[in-house]
A.B. asks: 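Structure incoming, see below.
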2 protein chains.
Amino acid sequence: MLKGHLDAIVLAALEAEPAHGYGIIATIKQGSGNTFDLPEGTVYPALHRLEEAGLLSSAWTTPQGGRRRRMYSLTRAGSAALASRRDAWGRFSQAVDSLLRGSRTWPA
Amino acid sequence: MLKGHLDAIVLAALEAEPAHGYGIIATIKQGSGNTFDLPEGTVYPALHRLEEAGLLSSAWTTPQGGRRRRMYSLTRAGSAALASRRDAWGRFSQAVDSLLRGSRTWPA
DNA sequence: ATATATACCTAGCTACACTAGGTATGGAAG
DNA sequence: CTTCCATACCTAGTGTAGCTAGGTATATAT
């Protein structure tokens, strides 16, 4: 469960270059060292949400002798959103880190 | 949104010493540098869930001239659960980190 | 000819954090 | 002394987001 951080992850996966659904899933799987093997039922609705929100744009393409693919790219708003999500993740993870570490001062 | 990480945070807040609901909220707020100011409607149900699951035990106490408090402590199962949650958090945050960082090799 | 991998889609479920209310008591302010 | 606030607890209901479990279709491999 990625609760709340999926959007950031998907946006980040599209930062380097446009990609299609299956490719995004593969990118996320590899980039996370197999930690995140997301089901399609998670990723496709997320892509639709993000496009609906104007953070992604999509276009159908058909590579030579291949099946049709819907390629997604970051919009300008998407880049901005990614930056802000990265920020939020930084604050969030740092907060959780310090809570799990136990914030009391260590004895000498 | 803490989705999925709340349990770990609450368990960690009780690791050092037993505490009551309000105290736990304050501990989490301070320990996170004010990042997490959790509403009671988030924390109390979580405490009940965790007790139900056997990870916490509770007892009513009434400090001298004070209001009654329900003090929660980690059970042995709670300690074990915390350890495993810490592990899961480590893997999770590392995976998100590398995805948000962009896992491609950097140009020289 | 059949199976497998690729590629996309979505209705509905579930879990869970949160909203928005409620009760009660101790101490401070007036 | 009574009114207000902070402390302290509780829960019914809501919103949502990720996931389950189904479906369609085409290219390649067997």
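Numbered from 1 within each chain, the chains take letters A, B, ... in sequence-line order.
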A.B. asks: Round to the nearest Å and state the distance from B/L2 atom CG to C/dC16 atom C1'.
C.D. replies: 11 Å
A.B. asks: Rounded to the Å, how far apart are B/Y22 OH and C/dT25 P?
C.D. replies: 16 Å
A.B. asks: How close or far is atom C1' of C/dC8 from atom CG of A/L56, stated in whole angstroms?
C.D. replies: 16 Å
A.B. asks: Expressed as a whole number of angstroms, how long is the span from B/L6:CG to C/dA17:P?
C.D. replies: 5 Å
A.B. asks: Please determine whether a side-chain nitrogen or oxygen atom of A/R69 lies at a distance below 4.0 Å from atom OP1 or OP2 of C/dA7.
C.D. replies: yes
A.B. asks: Which atoms form the tightest heavy-atom contact between B/G54 and B/A77, and what is the distance?
C.D. replies: O-CB, 3.8 Å
A.B. asks: Applying salt bridge (Lys or Arg N to Asp or Glu O under 4.0 Å), which residue pairs with at least one partner in residues 68-80 of chain B are found, sequence neighbours left out?
C.D. replies: none
A.B. asks: Check A/T27 against A/A13 and note the closest heavy-atom contact, atom names and distance.
C.D. replies: CG2-CB, 4.3 Å
A.B. asks: Just how far, in rounded Å, is P of D/dT11 from CD of B/E51?
C.D. replies: 11 Å
A.B. asks: Could I get the full list of side-chain hydrogen bond (donor to acceptor under 3.5 Å, both in side chains) partners for A/S93, not counting sequence neighbours?
C.D. replies: none
A.B. asks: Which residues in residues 33-48 of chain A have at least one heavy atom lying under 4.0 Å from any atom of DNA chain C?
C.D. replies: A/E40, A/G41, A/Y44, A/P45, A/H48
A.B. asks: Can you give me the N/O atom pairs linking the protein to nucleotides 28-30 of chain D at distances under 3.5 Å, or say none if there are none?
C.D. replies:
from   : atom 1 : to    : atom 2 : distance (Å)
D/dT28 : OP1    : A/G65 : O      : 3.4

A.B. asks: Which residues pass the side-chain hydrogen bond (donor to acceptor under 3.5 Å, both in side chains) test with B/R67, not counting sequence neighbours?
C.D. replies: none
A.B. asks: What residues form a salt bridge (charged side-chain N to carboxylate O under 4.0 Å, His left out) with A/K3, not counting sequence neighbours?
C.D. replies: none
A.B. asks: Do the charged groups of B/R86 and B/E15 touch, with an N to O distance under 4.0 Å?
C.D. replies: yes
A.B. asks: Within less than 4.0 Å of OP1 or OP2 of C/dG26, is there a side-chain N or O belonging to B/R68?
C.D. replies: no
A.B. asks: Do B/L55 and B/L74 touch side chain to side chain, with heavy atoms closer than 4.5 Å?
C.D. replies: no
A.B. asks: Find the distance B/H5:NE2 to D/dG18:P and express it as a whole number of Å.
C.D. replies: 11 Å
A.B. asks: How long is the line joining CD of B/E52 and P of D/dC10, in whole Å?
C.D. replies: 14 Å
A.B. asks: Round to the nearest Å and state the distance from B/K3 atom NZ to C/dT14 atom P.
C.D. replies: 16 Å
A.B. asks: Please report the closest heavy-atom contact between B/M71 and B/T61, naming both atoms and the distance.
C.D. replies: CG-OG1, 3.4 Å
